[in-house]
2 protein chains.
Amino acid sequence: MVTVGVMALGKDYATQECSIARALEIVGERWTLLVVRDALYGVRRYNDFLVHLGIPRAVLATRLQMLTEEGILEKRRYQESPPRDEYVATDRGIALWPALRALGRWGREHHGESALRTFHHAECGTELGSYGECPACATVVPVEDVLMAPGPGLDPDPADPVSRALLQPRRLLQPIVVDQV
Amino acid sequence: MVTVGVMALGKDYATQECSIARALEIVGERWTLLVVRDALYGVRRYNDFLVHLGIPRAVLATRLQMLTEEGILEKRRYQESPPRDEYVATDRGIALWPALRALGRWGREHHGESALRTFHHAECGTELGSYGECPACATVVPVEDVLMAPGPGLDPDPADPVSRALLQPRRLLQPIVVDQV
DNA sequence: AGAGTAGGTTCTGTCATTGAACCCACGGCC
DNA sequence: GGCCGTGGGTTCAATGACAGAACCTACTCT
């Protein structure tokens, strides 16, 4: 991918020779990591991202396109007529789970909050350790075997239907089912 | 006219009830994580951050102040006359290491690059896993026991003195010594 | 006295983000 | 057949963060 010319703002960290900077050039923009998080939680549709994130429509469209181009999400047609696409996390997107998990742990500790969501090993029920491993089984838990459950700090009756769908315990990557009103 | 309340841009993810969003409100702004990374690498002085990051001076001043207020860095006077301060990572800043490590791993895999820097457990020499754990010792390696070494992809003769100081293998958090010209 | 250095602040133009409005294709209803 | 609702976008003006350069202030060195 050859980018010619000056990219004055936003994305590049020109002088940085560092994998962290390379990563942040892609997922370091505002909203991007939250979109990926939602994709791992099972959100797939444009409209579901929209209401769950409270993100401006134009920004969401830009981010979805960029994440698709970078191979982090895959745009997949799920019906013709009218044409409708969903965005599903690829392996490359799933590989961001450790980073998201680490950020979430830090965010919780930083605020001294009670957990908003908890993550367990689906096979044995043990809560994941600091770095996404299962202390009981002594293995790194594959993302599809992570069971997400609401924690004590989470609002039990949120306004938007996506948040409501995420209230029940569920495995990561399982597509959410939004209750139609 | 005083405008109260609405923070239109930048920092907050108002609707998000999520530890990851809480974390990103603090360390999700442009440059912020790179400043923390440099602090863990041992950079402490305003001028060293400046030349190593290539960040605008005003932005650096803002970030350092914010990170200090959030308790991620500590501003510490190291000489009077003229008054000079250095910025040192606190426990809260050091706790960001797993997230930085995970991002770095992902960035490297994403680009299929050879490693720019490698990180080992100083006690046993094993290279760290995705979250900064030692696969051999099966423990999370304390940051001060992480040995950083240049990888094959790193420029062997960088222009700025801070990058040169970071070329030799060193433990994280050890203050860098810049060769005066 | 003059130059140099560390650590900033101020300024201006550019660009991304926001929020709202608009667009369009289809499907269902009556 | 006309109308409305819905999913999935695009366009637009206003705002405000960022980049880069110039400037400022103490102090030290020569």
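In this text, all values refer to a predicted model and were calculated from it rather than measured experimentally.
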Measure from the side-chain heavy atoms of [X] and tell me the nearest of [options].
X	options	value
Asn47(B)	dA19(D), dG8(D), dG7(C)	dG7(C)
Trp31(A)	dT18(C), dG8(D), dC18(D)	dT18(C)
Ala61(B)	dG8(D), dT17(C), dT9(C)	dT9(C)

Task: Enclosure of Asp91(A) CG (heavy-atom neighbours >12, cutoff 6.0 Å) - done: no

Return the value, rounded to whole Å, for the distance between atom [atom1] of [X] and atom [atom2] of [N].
X	N	atom1	atom2	result
Glu29(A)	dC15(C)	CD	C1'	12 Å
Met66(A)	dA16(C)	CE	P	13 Å
Lys75(B)	dG8(C)	NZ	C1'	9 Å
Arg77(A)	dC26(C)	CZ	P	11 Å
Leu50(B)	dG20(D)	CG	P	12 Å
Ile55(B)	dA21(D)	CD1	P	15 Å
Tyr46(A)	dT10(D)	OH	C1'	9 Å
Arg57(B)	dT5(C)	CZ	C1'	11 Å

Open item on the list: By the definition side-chain contact (heavy atoms from CB on, under 4.5 Å), identify the one residue from Val36(B), Val143(B), Leu40(B) that meets it with Leu96(B).
Closed with: Val36(B)

TODO: Scan residues 78-85 of chain A against DNA chain D and write down, sorted by residue number, each residue with any heavy atom closer than 4.0 Å; if none is found, say none.
DONE: Tyr78(A), Arg84(A), Asp85(A)

Task: Tyr87(B) vs Ala58(A), nearer the 5' end of DNA chain C by closest nucleotide - done: Tyr87(B)

Task: Qualifying residues under side chain to side chain contact (heavy atoms under 4.5 Å, CB included), relative to Ser163(A), sequence neighbours excluded - done: His52(A), Pro158(A), Asp160(A)

TODO: Using only side-chain N and O atoms of Arg63(B), determine if any of them is under 4.0 Å from OP1 or OP2 of dC18(D).
DONE: yes

Open item on the list: Side-chain heavy atoms nearer than 4.5 Å, only ILVMFWY residues, links allowed to pass through others: does that put Leu116(A) and Leu166(A) together?
Closed with: no

Task: Path from Tyr41(B) to Leu154(B) over hydrophobic side-chain contacts below 4.5 Å - done: no

TODO: Working to the nearest 0.5 Å, report the span between CE of Met66(A) and CZ of Arg63(A).
DONE: 5.5 Å

TODO: Assess Arg30(A) against Tyr13(B): is NZ or CZ under 6.0 Å from the centre of the six-membered ring, and within 45 degrees of the ring's axis?
DONE: yes

